[in-house]
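Just so you know, these numbers use all the heavy atoms, side chains as well, and skip hydrogens, waters and symmetry mates. Counting starts at 1 for both ligands and their atoms, in listed order.
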Amino acid sequence: MSDSTFYVTTPIYYVTAAPSIGSAYTTVAADVLARWHRQRGENTWFLTGTDEHGQKVMQAAEANGATPQDFTDRLVAEEWKPVLDVIDASNDDFIRTTDPKHVERVQKFWQTLHDAGDVYEGDFEGPYCVACEEFKIASELLDGEGGVKLCPIHKTPVDLVAERNYFFPLSKYKDKLLAFYEDNPTFVQPESARNEVISFVNSDLHDLSISRSTFDWGIEVPWDKEQVLYVWIDALLNYATAAGYGADPDSEDGKIFATRWPASLHLVGRDILRFHAVIWPAMLMAAGVAPPQKVFAHGWLLVGGEKMSKSKANAIHPSEIVDTFGSDAYRYYFMKMIAFGSDGSFSWEHLHAVYTSELANGLGNLVARVTAMVNKYFDGVLPETAAAGEAEQTVATALKNAADTANDAIDRIAINEAVSAVADFVSIINGYVTEQEPWKVAKDALPSGGAARDRLATILYTASEALRGVAVLHAPTMPKSAVLLWDALGAEAQLGSLASQNANNAGDWGQLRAGAILTKGASLFPRIEITDG
Ligand code: ME8
C-alpha cells in the first residue's frame, strides 16, 4: 500500500429539494472509482456533501416557510444522507458547508488572502443568475420578451446586481493558469472540456466578486461583518477543509491534510466546469496550496430528451428505480450505458431491457446454472480441471484481457469501458458454457470417472473460476451481488473476503481451487415485470 491517497470528490449539492438521479449519477461514478481503487489495495478517501449557503437555498427555504438552517437540516437528514444508502455509496466523509469547522477554515483562507493583499474592494455591477449562483457575462445572455435578459442555461430572467463588495483578482492568474494547463495536460478531462477551459481563460477572464451585501445567508466575511462570502468561493473550499486545510499542521487534521491533499480527482458535471478548472486552481495558487490533480467533467443525464434537474417536473428520485431494480442494477445501468463524459438518456424501457438481457438472463442465469450443475454432478464440491484444452485457454486469456482492459479504463476514468469489459467477459463465459454443453457431457459421465467426467469437471471448474474473476471485477459496480456470487462460489474459505482481493490480480487464472464448496442460492437478479403506469 502506498502512502499517497486516492482522494475523489463529488460536487456538494445544493439543498433546495430532494436528490435526483442527476446528482446520484455523479455520486455513483465517484463511488465506483473509490471502490475500484480500494479493491486495488490503495488508500482511498471519498468525499461528498451538501452546499447550503447562498440565495438559491435561502429562497427555497423561504418558499417552504422555514429558516435556511432548519430547511437544510431537515433535507440533509431526511433526503441527502439517506439517498447515499439507497445508491449504496461508500463515502468516507460527508461535508455540509454549514459545519462550524468548514466555516472557520473558509474564513481563515480568505483572511489569509486578504492579509496578503490578494483581495480588493470595488463596485460590482452586472447580471446574476440565482439558479446558477453565477455572475453572467452580458454577451452570453439571451433576449427575452420586453427586453428582459435571460440566463442562457435556465432561460429565466437574471438579476441586475449593483453592490460594493470584495474582489479576487482572477484575471491576474491568466498566464499562471495557462502554464498550469500546459504543464498538466490531463488536469482537465475529457479533452473537449480541457479545450473549453483553455479558450475561456484565453478570452474571458474577469476579476471575481467574492462577497454579497444584500442578504445574510452565508459565511461572514471575516474582515467585514456587513457582507457574506459568495457561495461558490465557500463551496469550492469544501474539498480542502474536509481534508484538513486550515487546521494546525501539527494537529491530527493538519497531518491528514499533508497526506490527502492535493485531491486526486474532482468529478463534476459540465455546468460547473469553469468553477472547478479555473476559479478553484487560481484560488489555491493565490494561497500557495497545490491545485487538485484532475477535474473530470461528465455529461448530462437526459430524461425524455431534456436535461433533468431537481427543479423540473422530470426529476426522478433514485428510490423510484432502486425499489424495483435494486441498487446494483441501478449502478450497472448508469455506469455501463452512458459513455462517461458524454450525455446519455434514461428510460424505463431501456433499463428494463438491459436488466432482463444482461443481468437476469445474462449474469444471474449463468451463476444459477453453474452452481446448480456443480451441486447436481459433484455434490457442490468444485472438481479438479482434468482435461483443459483450447476452449479453456481462451476463457483464461479472456479473463486476463478483461481485467487489464478494465483496470486501464479506470485509470482513464472511462468507467463505462471498465464495466463493459467485465460484462463482455460474462458473455464469453456464457458462450463457453452454451458451446460446451456440460448437461450433455453429463449424460456420458460415469460417477466413477473417465474421459466424460474429466471433461465435465473441466467445464465446470473453468466456468466457476471465470466467475471468481467476475465477482472481483464487478464488486466496485455491483457490490451486493458480487458478495452473493463470492459466497455462492465458496471462495471465502480459500481466498479470504471479497474485499481483500486485489483488482490488479483479478485476471490471474487458477485462484479458485478444487474443493471449494459451491451453493446454489437465491437468484442474483430475479426477473422483473414492469407494467404501464
Ligand atoms: O452546482 N445529469 O450543485 P447542484 C448529470 N452546489 N449530472 C447532474 C444532473 C444531470 N441531469 N443534474 C445534476 C452545484 N447533476 C453546486 C456545486 S461544488 C463545490 C458546488 C450533478 O446541486 C452534476 O454533477 O446544482 C452537476 O455538476 C451537479 O449535480 C450540480 O449539482
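When only interatomic distances are considered, the shortest N/O to N/O separation between Ile12 and ligand 1 falls below 3.5 Å. Geometrically, ligand 1 and Tyr14 share a nitrogen or oxygen pair separated by less than 3.5 Å. Backbone and side-chain nitrogen or oxygen atoms of Trp300 are examined, and none is located within less than 3.5 angstrom of a nitrogen or oxygen of ligand 1. The N/O atoms of Leu301, backbone and side chain alike, include one that comes under 3.5 Å of an N/O atom in ligand 1. Close N/O approach between Leu236 and ligand 1 is not found [any backbone or side-chain N/O within under 3.5 Å]. For a threshold of 3.5 Å applied to N or O pairs, the pair formed by Tyr239 and ligand 1 contains no separation below that value. At under 3.5 Å, a nitrogen or oxygen of Asp51, whether backbone or side chain, sits near a nitrogen or oxygen of ligand 1.
Applying the 4.0 Å criterion to heavy atoms of Gly299 picks out, from ligand 1, the atoms 5 (C). The ligand atoms of ligand 1 that sit less than 4.0 angstrom from a heavy atom of Ala235 are 19 (C). Listed by number with element, the atoms of ligand 1 under 4.0 angstrom from any heavy atom of Thr26 are 21 (C), 23 (C), 24 (O). Under a 4.0 Å criterion applied to the non-hydrogen atoms of Ser23, ligand 1 contributes the atoms 13 (C), 15 (N), 21 (C).
At a heavy-atom cutoff of 4.0 Å, ligand 1 is contacted by the side chain of Asp271 but not by its backbone.
Legend: salt bridge (Lys or Arg N to Asp or Glu O under 4.0 Å) pairs involving residues 282-298, not counting sequence neighbours: none detected.
Applying the salt bridge (Lys or Arg N to Asp or Glu O under 4.0 Å) test between Arg212 and each of Glu163, Glu226, Glu133 identifies Glu163 as the sole match.
Within the 4.0 Å heavy-atom cutoff, His298 counts among the residues contacting ligand 1. Look at His276 and you'll find a heavy atom under 4.0 Å from some atom of ligand 1. The closest approach between a heavy atom of Ser20 and any atom of ligand 1 is not below 4.0 Å. The closest approach between any non-hydrogen atom of Trp232 and ligand 1 is below 4.0 Å.
Between atom 13 (C) of ligand 1 and the options Gly22, Ala24, Ala29, Gly269, the minimum heavy-atom separation is to Gly22.
For Tyr245, the ring pair (Phe, Tyr, Trp, His ring centres under 6.0 Å) partners at least two apart in sequence or on another chain are Phe109, Phe257.
Using a cut-off of 4.0 Å between Lys/Arg side-chain N and Asp/Glu carboxylate O, Arg74 and Asp70 are scored as not salt-bridged.
Between the side chains of Arg412 and Thr186, no donor-acceptor pair of N or O atoms lies under 3.5 Å. For Thr26 and His298, the side-chain atoms include at least one donor-acceptor pair closer than 3.5 Å. Side-chain contact check for His266 and Thr9: at least one donor-acceptor pair (N or O, by modelled atom type) lies under 3.5 Å.
Atom OG of residue Ser342 and atom CZ of residue Arg270 lie 7.5 Å apart, to the nearest 0.5 angstrom. Within the model, atoms CG of Asp51 and NZ of Lys56 stand 9.5 Å from one another, a figure rounded to the nearest 0.5 Å.
At a threshold of 4.5 Å between non-hydrogen side-chain atoms, the residues Val197 and Val295 do not count as touching.
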May I have the step-by-step check of side chain to side chain contact (heavy atoms under 4.5 Å, CB included) for Asn238 and Leu47, ending in yes or no?
CA-CA 9 Å; Asn238 90 87; Leu47 174 72; 3.5 Å; yes

